Amino acid sequence: MTIVELPDFAATDRLAAQIARLVRPGDVVALEGGLGAGKTTLARAILAALGHEGEVPSPTFQIIEVYDPPTVRMPVVHADFYRLENPDETDEIGLEEYRQGAVLLAEWPENAGGFVHEPGCLSIRVEMAEKGRRAIVEPGRDWLEREAWT
Ligand SMILES: Nc1ncnc2c1ncn2[C@@H]1O[C@H](COP(=O)(O)OP(=O)(O)OP(=O)(O)O)[C@@H](O)[C@H]1O
């Protein structure tokens with residue numbers, strides 16, 4: 001587990017750049033944290049670090065937003081599971097099909113059953129801090145093989 005202080009948006013962008021450098025298709029970046037914690041901000045920063053320019057609508061109502069190359073370096077699925085009442089609903093959405101060959105950026109992952117059992121899961125809990133935010137990062141096995149987090 002690594003704690004990364006995010007006192008400002010530049011710090012969020014640096015963490016996002018590190019994630020974008022290490023992430024591979026098939027991975028999931030699970031973004032936990034309460035309302036207003038800063039999950040969408042980090043998801044947007046990761047998308048930007050992967051090359052996306054322009055708007056990143058919050059997927060709260062759509063549940064899933066898909067970004068395909070060449071706007072991004074690899075396919076990205078940005079999902080917000082806030083409104084899911086049952087993890088089985090991910091089947092109705094067709095999440096597995098969307099995820100093929102893509103990186104999943106998942107907000108409220110706990111509502112989708114969580115992804116922590118996946119070796120490609122990078123779990124990040126965003127919390128309020130005295131200054132800005134703080135990220136508690138838990139890399140899955142695949143991530144540990146890539147590079148140290150500090
Ligand atoms: N590193 C940071 N430093 C300071 N403020 C931040 C930081 N990251 C995010 N914020 C602020 O936190 C607020 C909430 O951010 P965001 O919308 O990303 O949260 P969220 O977790 O996605 O919330 P929700 O689940 O309600 O959609 C925003 O006003 C944003 O500007």
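Each ligand, and each atom within it, is numbered from 1 in the order the structure gives. Being a predicted model, the structure only gives us computed values, none of them experimental. Positions are given from 1, in the same order as the sequence printed here.
- Counting side-chain heavy-atom gaps under 4.5 Å among Ile, Leu, Val, Met, Phe, Trp and Tyr, the cluster of I3 also holds M1, I136.
- Under the 4.5 Å side-chain criterion, counting only non-hydrogen atoms from C-beta, V76 is not in contact with H52.
- Both L84 and L104 belong to a common hydrophobic cluster when Ile, Leu, Val, Met, Phe, Trp and Tyr are linked at side-chain heavy-atom distances under 4.5 angstrom.
- In terms of the salt bridge (charged side-chain N to carboxylate O under 4.0 Å, His left out) criterion, E65 has no residue partners (sequence neighbours excluded).
- Listed as neighbours of ligand 1 are L6, P7, D8, F9, T12, G34, L35, G36, A37, G38, K39, T40, T41, E107, W108, G132, R133, each bearing a heavy atom under 4.0 Å from the ligand.
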Report the C-alpha separation of R44 and S58 in whole Å, then their side-chain angles, then the decisive distance to 0.1 Å, and conclude whether the side chain to side chain contact (heavy atoms under 4.5 Å, CB included) test is met.
-> CA-CA 9 Å; R44 286 188 174 127; S58 174; 4.3 Å; yes
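- Residues in residues 11-36 take part in these salt bridge (Lys or Arg N to Asp or Glu O under 4.0 Å) pairs, two or more places apart or across chains: R21-E147, D27-R146, E32-R125.
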